[in-house]
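What you see below is based on every heavy atom in this structure, not just the backbone, and it leaves out hydrogens, waters and symmetry mates. Predicted model, so just to flag it, every value in this text is computed and none were measured. Order of the sequence lines fixes the chain letters, A, B, ..., with proteins taken first and strands second; residue numbering starts at 1 for each chain.
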Protein chains: 2
Amino acid sequence: MRKRKPILTEQELEIMKIVWELERATVRDVYETILKQRRIAYTTVMTMMKILEGKGYLKKTQEDRAYLYRPAEPKQNVIRGMVAEFINRVFNGSAEPLLVHLVAEEGLTEKELAEIAKIARREK
Amino acid sequence: MRKRKPILTEQELEIMKIVWELERATVRDVYETILKQRRIAYTTVMTMMKILEGKGYLKKTQEDRAYLYRPAEPKQNVIRGMVAEFINRVFNGSAEPLLVHLVAEEGLTEKELAEIAKIARREK
DNA sequence: TTCCTCATACTAATTAGTTAGTACTAAAAG
DNA sequence: CTTTTAGTACTAACTAATTAGTATGAGGAA
């Protein structure tokens with residue numbers, strides 16, 4: 001059985017979210033964005049992005065002086081993987097308990113649920 | 001703002017699942033259970049369970065020679081916390097996108113969705 | 001040209017998570 | 001009573017994740 005691609009860690013996800021948002025970004029772009037939230041070193045961001053490239057989540061091209069990074073695959077794919085991984089860990093792989101949990105937790109009405117179903121169908 | 005209780009790591013969750021299942025368990029009980037799946041040292045399990053006690057997920061009482069551990073709070077509470085934490089990390093705190101994702105991913109029909117809603121209502 | 005800025009590569013320190021060894025003690029077995 | 005067994009406490013090794021420092025080079029500014 002092939003070992004599956006390592007899933008995103010906390011900090012890696014932080015960076016991926018930014019790159020998904022910007023669609024393409026240099027280390028500096030990401031660095032500046034994170035700086036608004038918290039203190040971090042430029043080289044830290046660089047290291048992380050290189051790791052993400054190694055894991056196959058980002059791809060880079062040379063652009064002027066600096067590398068330009070882009071997501072290697074669409075956000076939806078990655079999110080799908082993370083959700084699946086979470087369901088495996090916490091709910092032993094079956095999605096239904098999570099759904100039940102969420103519906104109960106949110107106290108959704110029939111109407112809201114139908115609305116979600118509609119959006120989901122569109123998403124498909 | 002009070003710092004929230006540290007969330008369960010991978011291995012900690014593995015142990016908690018066993019204790020929830022058994023309802024109360026000694027280190028040995030958990031050790032034997034894990035052994036069925038993989039090789040592990042007795043003291044490793046002990047260390048982990050002590051950590052879980054420190055984090056407030058387990059509480060122990062002296063029982064004969066060994067400690068008897070029990071869950072400090074019901075499984076549902078902890079699961080709720082983990083789901084919330086996941087939603088924060090991945091979906092910036094809003095549950096709806098996760099719901100939409102799940103419904104779309106599972107390709108649920110009206111009927112199945114209604115069924116889930118029914119179970120959820122009972123759960124409440 | 002010379003200097004400053006900003007980029008990368010390489011290296012490494014620190015912290016968190018996981019795993020397990022060793023010393024010691026009390027109870028059970030012989 | 002002595003030996004074996006099964007438990008805990010304390011310590012530590014190892015791996016993974018996170019963070020950042022230093023060296024170096026290319027390009028633009030003076």
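Taking atom CE on M48(B) and atom P on dG21(C), their separation rounds to 16 Å, with Å as the unit. Here dG17(C) presents its P atom at 7 Å from CD of E12(B), a figure rounded to the nearest Å. As rounded to whole Å, 11 Å separates atom P of dA20(C) from atom CD of Q11(B). The nearest whole Å value for the distance from the CE atom in M49(B) to the C1' atom in dA20(C) is 17 Å. Counting to the nearest Å, the P atom of dC6(C) and the CD atom of E63(A) are 18 Å from each other. To the nearest angstrom, P of dG21(C) lies 12 Å from CD1 of I40(B). Per the geometry, CD belonging to E10(B) stands 10 Å off P belonging to dT19(C), to the nearest Å. Atom pair I7(B):CD1 and dA16(C):P shows a separation of 16 Å (rounding to whole Å applied).
Applying the salt bridge (charged side-chain N to carboxylate O under 4.0 Å, His left out) rule to E53(B) yields the partners K60(B); only residues at least two apart in sequence or on another chain are considered. When the ring-ring contact (aromatic ring centres under 6.0 Å, His included) test is applied to Y67(B), no partner is found at least two apart in sequence or on another chain. Under the salt bridge (charged side-chain N to carboxylate O under 4.0 Å, His left out) criterion, E73(B) pairs with K5(B), sequence neighbours left out. R65(B) pairs by the salt bridge (charged side-chain N to carboxylate O under 4.0 Å, His left out) definition with nothing, not counting sequence neighbours. For R89(A), the salt bridge (charged side-chain N to carboxylate O under 4.0 Å, His left out) partners two or more places apart in sequence, or in a different chain, are E10(B). Every residue was checked against the side-chain hydrogen bond (donor to acceptor under 3.5 Å, both in side chains) condition with K75(A), not counting sequence neighbours, and none meets it. Scanning for ring-ring contact (aromatic ring centres under 6.0 Å, His included) contacts around F91(A) gives an empty result, with sequence neighbours left out. For E32(B), there are no side-chain hydrogen bond (donor to acceptor under 3.5 Å, both in side chains) partners two or more places apart in sequence or in a different chain.
Rotation axes derived from the C1' atoms of the five outermost pairs at either end of the helix from dT1(C)-dA30(D) to dG30(C)-dC1(D) lie 20° apart, to the nearest 10°.
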Without placing hydrogens or testing angles, list every side-chain donor-acceptor pair under 3.5 Å for residues 42-51 of chain B, not counting sequence neighbours.
| residue | atom | partner | partner atom | Å |
| --- | --- | --- | --- | --- |
| T47(B) | OG1 | T43(B) | O | 2.8 |

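Using a 4.0 Å cut-off, no side-chain N or O of R28(B) falls inside it from OP1 or OP2 of dA6(D). One finds no side-chain N or O of R39(B) lying less than 4.0 angstrom from the OP1 or OP2 phosphate oxygen of dT19(C). Residue R38(B) places at least one side-chain N or O closer than 4.0 Å to OP1 or OP2 of dT19(C).
Environment of CD in Q37(B): sparse, with no more than 12 heavy atoms of neighbouring residues, nucleotides or ligands closer than 6.0 Å.
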Under 3.5 Å, which protein N or O atoms sit close to an N or O of nucleotides 14-16 of chain D? Give each pair with its distance.
none

For nucleotides 8-10 of chain D, list the nitrogen or oxygen atoms of the protein found under 3.5 Å from its nitrogen or oxygen atoms, one pair per line.
| residue | atom | partner | partner atom | Å |
| --- | --- | --- | --- | --- |
| dT8(D) | OP1 | Y67(B) | N | 3.3 |
| dT8(D) | OP2 | Y42(B) | OH | 3.2 |
| dA9(D) | OP1 | Y67(B) | OH | 3.1 |

Between E123(B) and H101(A), does a side-chain contact (heavy atoms from CB on, under 4.5 Å) hold up when you go through it step by step? CA-CA 8 Å; E123(B) 203 104 319; H101(A) 174 96; over 6 Å; no
